[in-house]
Amino acid sequence: MKNEQNISRRKFLKAIGIGGAVTVAALTGCKNKKAEEISDEYVNQVEPLKGKMTYREDQKTHKKISLLGYGMMRLPTVKEKQGDEEKDVIDQETVNRLVDYAIEHGVNYFDTSPAYCQGMSERSTGDALHKYPRESYFVATKLSNFNETQWTREESIKMYNNSFHELQVDYIDYYLLHAIGGGGLENFNGRYVDNGMLDFLMEERNKGKIRHLGFSFHGDKEMFDFLMSKHDVYQWDFVQIQLNYLDWDYAGQGNTDARYLYDELQKRNIPAVIMEPLLGGRLAKVPQFITREMKKMAPERSVASWAFRYAGSPDGVLTVLSGMTYMEHLKDNLLSFCPLEPVTDKEKEFLYEMARKIVGVETIPCNDCNYCMPCPYGVNIPAIFVHYNKFKNEGILPNDVQSEDFESNKRKYLISLDRTVPRERQASHCIGCGQCEPHCPQNIRIHRELQRIDEFVEKLKQNTLDDLGA
């Protein structure tokens with residue numbers, strides 16, 4: 001596996017023309033998802049109507065932006081034979097089909113990055129869009145210069161110029177400083193200020209090569225306040241924030257509540273682009289008792305639709321991004337936005353109550369974004385967390401030895417763990433190096449959580465769980 005990761009890394013370095021070490025945490029994102037992840041909710045799915053998309057007006061250009069934006073981070077993959085090995089590569093045929101369907105139904109905003117899908121998302125996005133008239137769609141990409149070796153002006157400009165080549169465009173509609181907040185002011189200055197890149201990007205905006213300049217944010221209130229204090233200098237055209245009904249008041253350690261971020265943008269009339277409306281799928285896979293309450297409230301709606309309607313309802317939201325791997329996901333999201341039926345005050349209060357209950361379940365706040373991957377020791381961090389959360393959400397985590405279902409749930413947990421995550425990639429192989437943690441947008445203490453899960457699994461195997469809670 002380590003070999004496979006190194007090969008993918010070299011491909012990315014070659015593609016963007018950057019030498020030296022690159023943060024391995026930034027080179028992932030695509031998904032080889034299993035069919036079992038398709039919810040039963042979609043069995044009787046109806047076709048979304050064409051010509052019904054809800055649009056928001058860009059205050060700078062007065063052009064219409066689809067309220068549903070396509071996030072090109074979790075693209076479908078297929079196995080491809082390369083030498084003696086089989087590797088996951090982007091399934092471009094499926095990507096094209098998804099993009100075509102999205103455009104037919106009014107989607108015109110596509111968000112990518114040099115860091116997504118092992119450096120191949122921009123190329124895939126460009127291949128899917130280039131047959132359409134350039135003025136018919138809006139593309140967003142990022143300066144994803146995460147590693148210090150990429151902080152030089154030369155290397156950063158190489159990454160910037162390569163985005164035009166991969167996307168097959170001569171201007172970029174929305175350009176972002178990627179994941180500002182992590183690492184604080186020192187990181188921000190190193191990546192964008194000391195090397196003159198922000199001045200360069202502002203010049204590119206003046207020339208029309210960039211139509212809108214903004215940033216995506218994960219971090220604390222102090223850092224966001226600093227960025228807002230610089231609005232008069234940089235004239236942020238938009239800001240991408242994590243907003244959903246859970247993060248509205250419960251963003252968690254190291255992050256800022258979405259309520260605060262949104263209000264500060266509104267004060268300055270800065271449009272918000274919404275990321276993580278589903279928290280990496282967590283809000284589509286809520287605990288079963290939450291699902292029952294949502295279905296009781298609105299039997300015809302999917303669980304995910306609650307989150308999308310919530311994220312798209314506030315004034316000042318330009319578009320809501322979703323990474324849609326399957327056609328079923330795309331159609332369900334289109335049903336939420338074609339047209340949008342804004343959440344009512346009563347529904348907001350219902351969702352806030354659901355958020356309080358979800359927080360009480362105490363799952364690991366992993367969004368399955370894969371920024372922590374690949375692990376240099378082969379640990380599949382997101383898969384381990386997703387597996388744990390699934391059992392926790394379904395109320396079948398085998399943590400009560402007195403339960404009559406304990407033995408049955410224990411077998412289910414251990415068997416499904418081995419099927420989901422090969423043993424050589426499980427938590428026991430984590431050495432606590434900590435390389436993954438600086439890249440986690442949710443500020444998870446990854447090595448501690450992996451250690452806790454490893455101890456939990458070992459005690460299940462040894463029948464000594466009495467000594468450890470879960």
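Scope of the values below: all heavy atoms of this structure, side chains included, with no hydrogens, waters or symmetry mates. In this text the structure is predicted, and so the values were computed from the model without any measurement.
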**Prompt:** What's the shortest heavy-atom distance between Asn409 and Ile396, and which atoms?
**Reply:** CB-O, 3.3 Å
**Message:** I'd like to know if the side chain of Gln92 reaches the main chain of Ser124, judged simply by a donor and an acceptor atom lying under 3.5 Å from each other, with no hydrogens or angles considered.
**Reply:** yes
**Asked** Does atom NZ of Lys357 have more than 12 heavy-atom neighbours from other groups under 6.0 Å away?
**Response** yes
**Request:** Could you grab the distance from atom CG of Asp91 to atom OG1 of Thr325, nearest 0.5 Å is fine?
**Result:** 11.0 Å
**Prompt:** Does the gap between the ring centers of Phe350 and Trp306 come in under 6.0 Å?
**Reply:** yes
**Asked** Would you say the ring centroid of Tyr175 lies under 6.0 angstrom from that of His212?
**Response** no
**Prompt:** So, Arg309 and Glu347, do they make that salt bridge, N to O below 4.0 Å?
**Reply:** yes
**Complete:** Between Leu450 and Ala427, the two heavy atoms sitting closest are O-CB, 3.4 Å
**Message:** Walk me through whether Tyr352 and Tyr310 qualify under side chain to side chain donor-acceptor pair (under 3.5 Å).
**Reply:** CA-CA 11 Å; Tyr352 294 149; Tyr310 178 85; 2.9 Å; yes
**Asked** With no hydrogens and no angle check, is any side-chain donor or acceptor of Asn380 less than 3.5 Å from a backbone partner on Arg425?
**Response** no
**Request:** Determine the minimum heavy-atom distance between Ala179 and Phe146, stating which atoms define it.
**Result:** CB-CE2, 3.9 Å
**Prompt:** With a cut-off of under 6.0 Å to the ring centre and 45° to the axis, is Arg97 in cation-pi contact with Tyr101?
**Reply:** no
**Request:** Could you tell me whether the side chain of Thr94 reaches within less than 4.5 Å of the side chain of Tyr326, counting heavy atoms only?
**Result:** no
**Prompt:** Out of curiosity, Thr141 OG1 to Phe164 CZ, how far, rounded to the nearest 0.5 Å?
**Reply:** 9.5 Å
**Item:** Between CG on residue Asn370 and CZ on residue Arg74, distance to nearest 0.5 Å
**Value:** 7.5 Å
**Message:** Hydrogens and angles aside, do Thr61 and Asp58 bring a side-chain donor and acceptor to less than 3.5 Å of each other?
**Reply:** yes
**Asked** About how many Å separate CD of Glu437 and CD1 of Ile444, when rounded to the nearest 0.5 Å?
**Response** 9.5 Å
**Asked** Does a sphere of radius 6.0 Å around CG in Asn206 hold more than 12 heavy atoms from other residues, nucleotides or ligands, not counting ones at 6.0 Å or beyond?
**Response** yes
**Asked** Counting N and O atoms only, with roles assigned by atom type, does the side chain of Ser305 sit under 3.5 Å from a partner on the main chain of Ser302, one being a donor and the other an acceptor?
**Response** yes
**Prompt:** Does some side-chain heavy atom of Leu129 sit less than 4.5 Å from a side-chain heavy atom of Gln168?
**Reply:** no
**Message:** Measuring only between side-chain heavy atoms, which start at C-beta, is Val317 closer than 4.5 Å to Arg56?
**Reply:** yes
**Prompt:** Can Arg134 and Asp173 be said to form a salt bridge (charged side-chain N to carboxylate O under 4.0 Å, His left out), step by step?
**Reply:** CA-CA 10 Å; Arg134 180 63 186 91; Asp173 300 282; 2.7 Å; yes
**Request:** Determine whether the aromatic ring centres of Tyr192 and Phe215 lie less than 6.0 Å apart.
**Result:** no
**Item:** Closest non-hydrogen atom pair, Ile274 against Leu243
**Value:** CG2-O, 3.4 Å
**Request:** State, with a plain yes or no, whether a side-chain heavy atom of Leu340 is found less than 4.5 Å away from one of Phe308.
**Result:** no
**Check: Ile65 and Phe138 side chains under 4.5 Å, non-hydrogen atoms** = yes
**Prompt:** Can Lys267 and Glu264 be said to form a salt bridge (charged side-chain N to carboxylate O under 4.0 Å, His left out), step by step?
**Reply:** CA-CA 5 Å; Lys267 289 177 186 177; Glu264 291 301 303; 2.7 Å; yes
**Request:** Examine distances only and state if a side-chain atom of Ser156 and a backbone atom of Gln150 form a donor-acceptor pair shorter than 3.5 Å.
**Result:** yes
**Message:** Heavy-atom count check: over 12 atoms from other residues, nucleotides or ligands less than 6.0 Å from Glu300 CD?
**Reply:** yes
**Request:** Would you tell me whether Ser113 and Ser144 have side-chain atoms, one donor and one acceptor, within less than 3.5 Å of each other?
**Result:** yes
**Fill in**
The reported gap from CE in Met120 to CG in Asp127 (rounded to nearest 0.5 angstrom) is 8.0 Å
**Message:** One pair to check against salt bridge (charged side-chain N to carboxylate O under 4.0 Å, His left out): Lys63 and Glu57. What are the steps and the verdict?
**Reply:** CA-CA 6 Å; Lys63 293 182 178 180; Glu57 183 176 295; over 6 Å; no
**Asked** Between Glu122 and Lys142, is the closest basic N to carboxylate O distance under 4.0 Å?
**Response** no
**Message:** Could you check whether any side-chain heavy atom of Leu75 comes within less than 4.5 Å of a side-chain heavy atom of Ser121, counting everything from C-beta outward?
**Reply:** yes
**Expected output: side-chain Gln45 to main-chain Glu328 donor-acceptor under 3.5 Å** = yes
**Prompt:** Taking 4.0 angstrom as the limit, do Lys81 and Glu86 come out as a salt bridge?
**Reply:** no
**Asked** Under 3.5 Å, is there a donor-acceptor pair between the side chain of Asp257 and the main chain of Tyr260?
**Response** no
**Asked** So does Glu47 pair up with Lys331, basic N to acidic O under 4.0 Å?
**Response** yes
**Asked** Is the His387 to Tyr413 ring centre distance short of 6.0 Å?
**Response** yes
**Item:** Spatial distance of atom CE (Met202) from atom NZ (Lys207) [nearest 0.5 Å]
**Value:** 13.5 Å
**Tyr109 ring center within less than 6.0 Å of Tyr174 ring center** = yes
**Asked** Between Lys346 and Glu349, is the closest basic N to carboxylate O distance under 4.0 Å?
**Response** no
**Asn389 side chain to Ile364 backbone, donor-acceptor under 3.5 Å** = yes
**Request:** Output yes when Lys209 and Asp170 qualify as a salt bridge under the 4.0 Å nitrogen-oxygen rule, no when they do not.
**Result:** no
**Asked** Near Lys348 NZ, under 6.0 Å, is it more than 12 heavy atoms from other residues, nucleotides or ligands?
**Response** no
**Request:** Check for a donor-acceptor pair, side chain of Gln426 on one end and backbone N or O of Val421 on the other, with a separation under 3.5 Å.
**Result:** yes
**Asked** Does Lys131 pair with Asp100 as a salt bridge, N-O distance under 4.0 Å?
**Response** yes
**Prompt:** Between His62 and Gln59, what is the shortest heavy-atom contact and its length?
**Reply:** CE1-O, 3.6 Å
**Asked** Within the side chain of His105, is there an N or O that forms a donor-acceptor pair under 3.5 Å with the backbone of Met53?
**Response** no
**Request:** Might you work through the side chain to side chain donor-acceptor pair (under 3.5 Å) test for Tyr160 and Glu204, ending with a clear yes or no?
**Result:** CA-CA 11 Å; Tyr160 169 76; Glu204 291 292 278; 2.8 Å; yes
**Prompt:** Does the pair Glu353/Arg356 count as a salt bridge with the N-to-O cut at 4.0 Å?
**Reply:** yes
**Message:** Could you check whether Arg211 makes a cation-pi contact with Tyr171, meaning its NZ or CZ is under 6.0 Å from the centre of the six-membered ring and within 45° of the ring axis?
**Reply:** yes
**Request:** Kindly say whether Gly69 contributes a backbone atom to a donor-acceptor pair with the side chain of Ser66 at under 3.5 angstrom?
**Result:** no
**Asked** Quick one: are Thr256 and Asp247 in side-chain contact, heavy atoms under 4.5 Å?
**Response** no
**Request:** Answer whether the closest heavy-atom distance between the side chains of Cys436 and Ile381 falls below 4.5 Å.
**Result:** yes
**Request:** Starting from the C-alpha separation in whole Å, work towards a yes-or-no answer on side-chain contact (heavy atoms from CB on, under 4.5 Å) for Leu176 and Gln240.
**Result:** CA-CA 8 Å; Leu176 298 91; Gln240 190 164 303; 3.3 Å; yes
**Prompt:** What is the minimum heavy-atom distance between Pro277 and Asn244, and which atoms define it?
**Reply:** O-CB, 3.3 Å
